[in-house]
Amino acid sequence: MNRNDFPILNEKVYGKTLVYLDNAATTQKPQVVIDALSDYYRRINSNIHRGVHCLSQLATNEFEQAREAVRQYIHAASTQEVIFTRGATESINLVAASFGRTYLHAGDEVIVSEMEHHSNIVPWELACEDRGATLKVLPFNDKGELMLRELETLITERTKIVAVAHVSNSLGTVNPIEEVIRIAHSHNVPVLIDGAQAVAHCPVDVQALDCDFYCFSGHKMYAPMGIGVMYGKAQWLNEMQPYQGGGEMIKDVTFEKTTYNELPYKFEAGTPSVGDVIGLRKAIEYIGGIGLANIAAHEQELLAYTTEKLARIDGMRFIGEASHKTGVISFLVGDTHPYDMGVLLDHQGIAVRTGHHCTQPVMTHFGIPGTIRASFALYNTFEEADALVDAVVKAKNMLS
Ligand code: PMP
């Protein structure tokens, strides 16, 4: 599927054609995104929103058109609810800090799940520490599925927010976030969804979901690094205190009393990464041209095919066997260390990730140091899946 749009896929590593299966870490970029970046710097680079000159107006228009493209992509009600950040990590830190400062008090509670990426744990730990609140954990079962029934008992009248991943980056689990949101809302508790592993793999409609916050990174959806989105319902964002202070986020500054700009600018202090925002729009258009449903179907076929072939290898142990998964396969083989396996796969031209994948509590749950993780994107092929399986067999034989 459209492999030739991605120049890096023709690169060789150790003289072998690259088999790139580390897409959960970051996806490769199509030529249209690469061109959009250089085009921006060649034609219209200038600072936005404050210039009267032509280039500044052109750049501002493109920047705001990108915001509209994001709004459509996630079906937000208004562009006021689309805040540009550096990535999912910054988006979650923004919410944890600003929401925390506004609503969290001593004795309050925050709930995260056991399968969260560190970037949806640590910002909440910091906020809880700062405010004297307590962090509570929604567990998952040994298949890697959230134990939703526990949520009802975890939520109390002191619960201020629930923060859960849409898709787990180390297990591949697609969480029943509709249900999480329904349960939390029935107790008047807002929900933040970490969508970093979802936005490039399944359609997201923040209004249909009715989530309060939805955070993601551009670089995992074929866009440049350094750009991300924090979607938040205007009702929260209007009340929340700003995250960072600086230019652009203010209305009037005095030494006595500063007033803040309207949404979305209130949460966008300083000069944003304009070229990357424009690149994100190109990536959204690129995904739209192929169709998210087609991408999802292709990745599901790759997931089923590869899982079935890997399962035939003696000693294969899958970490994460939820009934609803994206194209993420975490595994261990016999008693080989994931790092050793990763190095031997790399020498065969196969790029996978090994380690805890920034989800140490998941590794603790299973009592393992880490996993080998293969993760798919729209350009991966069945031949690459075969190459992975062959390489794992070879590596296993070398290690045992
Ligand atoms: N959440 C999840 C589920 C992720 O997979 C990642 C990236 N591995 C992040 C958050 C953080 O994204 P970023 O590093 O792009 O800010």
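Everything numeric here is computed off the predicted structure, so don't read it as measured data.
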When you check the gap from the basic side-chain N to the acidic O, do [X] and [Y] get nearer than 4.0 Å?
X	Y	value
Asp22	Arg373	yes
Lys233	Asp210	yes
Glu64	Arg71	no
Glu308	Arg312	yes

Interatomic spacing from [atom1] in [X] to [atom2] in [Y] - rounded to 0.5 Å:
X	Y	atom1	atom2	value
Ile193	Ile177	CD1	CD1	4.5 Å
Leu378	Asn23	CG	CG	8.5 Å
Tyr231	His75	OH	NE2	10.0 Å
Ile287	Leu292	CD1	CG	6.0 Å
Thr173	Gln197	OG1	CD	11.5 Å
Leu388	Leu310	CG	CG	5.5 Å

Apply side chain to side chain donor-acceptor pair (under 3.5 Å) to Thr27 and Lys220, showing your working. CA-CA 5 Å; Thr27 54; Lys220 293 182 200 282; over 6 Å; no

Give me the ring orientation class for Tyr103 and Phe99: parallel if the planes are under 30° apart, tilted from 30 to 60°, perpendicular past 60°.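 Tilted.
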
Is the Phe331 ring parallel, tilted or perpendicular to the Phe318 ring (thresholds 30°, 60°)?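 Ring orientation, 0 to 90° scale: perpendicular.
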
Please determine, by modelled atom types, if [X] and [Y] share a side-chain donor-acceptor pair under 3.5 angstrom.
X	Y	result
Asp212	His185	yes
His187	Glu152	yes
Gln72	Glu68	yes
His365	Asp142	yes
Thr359	Ser170	yes

Using the rule that Ile, Leu, Val, Met, Phe, Trp and Tyr join whenever any side-chain heavy atoms are under 4.5 Å apart, tell me whether Leu209 and Val167 fall into a single cluster.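 The answer is no; the residues belong to distinct hydrophobic clusters.
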
ILVMFWY cluster, Leu332 and Ile329 together (side-chain gap under 4.5 Å):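 Result: no, two separate clusters.
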
Is the distance from the ring center of [X] to that of [Y] below 6.0 Å?
X	Y	answer
His356	His118	yes
Phe382	Tyr305	yes
His49	Phe63	yes
Phe376	His201	no
Phe267	Tyr260	no

Would Glu179 and Arg149 count as a salt bridge (Lys or Arg N to Asp or Glu O under 4.0 Å) here? Give the steps. CA-CA 10 Å; Glu179 198 51 16; Arg149 254 189 278 154; over 6 Å; no

Please name the residue in the list Glu81, Glu268, Glu62 that meets the salt bridge (charged side-chain N to carboxylate O under 4.0 Å, His left out) test with Arg67.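 Single pass found, and it is Glu268.
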
Take atom [atom1] in [X]; do more than 12 heavy atoms of anything else shown fall under 6.0 Å from it?
X	atom1	result
Lys394	NZ	no
Lys282	NZ	no
Arg101	CZ	yes
Gln241	CD	yes

For [Y], is there any backbone N or O sitting under 3.5 Å from a side-chain donor or acceptor partner on [X]?
X	Y	result
Asn294	Ile290	yes
Asn380	Glu299	no
Asp194	Ala163	no
Ser56	His53	no
Glu114	Phe140	yes
Ser98	Val95	no
Thr159	Ile161	no
Lys309	Ala304	no
Asn45	Tyr40	no
Ser113	Val164	no

Assess whether salt bridge (Lys or Arg N to Asp or Glu O under 4.0 Å) is satisfied between Arg281 and Glu285, documenting all intermediate values. CA-CA 6 Å; Arg281 176 186 176 190; Glu285 288 172 359; 3.0 Å; yes

Give the minimum heavy-atom separation between [X] and [Y], together with the two atoms involved.
X	Y	result
Pro224	Leu280	CD-N, 3.8 Å
Asn188	Pro190	O-CD, 3.9 Å
Met115	Ser168	SD-CB, 3.5 Å
His105	Thr102	CE1-O, 4.2 Å
Asp314	Lys396	O-CE, 3.2 Å
Ala127	Ala96	CB-O, 3.6 Å

Taking it one step at a time, do Thr271 and Asn47 satisfy side chain to side chain donor-acceptor pair (under 3.5 Å)? CA-CA 7 Å; Thr271 301; Asn47 215 325; 3.0 Å; yes

Minimum side-chain heavy-atom gap [X]-[Y] below 4.5 Å:
X	Y	value
Ile83	Leu237	yes
Phe213	Val191	no
Thr258	Asp252	no
Ile350	Val352	yes

With side chain to side chain donor-acceptor pair (under 3.5 Å) as the criterion, how do Glu145 and Ser323 come out once you've worked through the C-alpha distance, each side chain's angles and the decisive distance to 0.1 Å? CA-CA 8 Å; Glu145 295 169 331; Ser323 54; 3.2 Å; yes

Tyr379/Asn2 under side chain to side chain donor-acceptor pair (under 3.5 Å): CA gap, chis, key distance, verdict: CA-CA 6 Å; Tyr379 37 70; Asn2 309 64; over 6 Å; no

If the test is side chain to side chain donor-acceptor pair (under 3.5 Å), which one of Lys160, Arg158, Lys136 qualifies with Glu109?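 With Glu109 as partner, side chain to side chain donor-acceptor pair (under 3.5 Å) holds for just one option, Lys136.
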
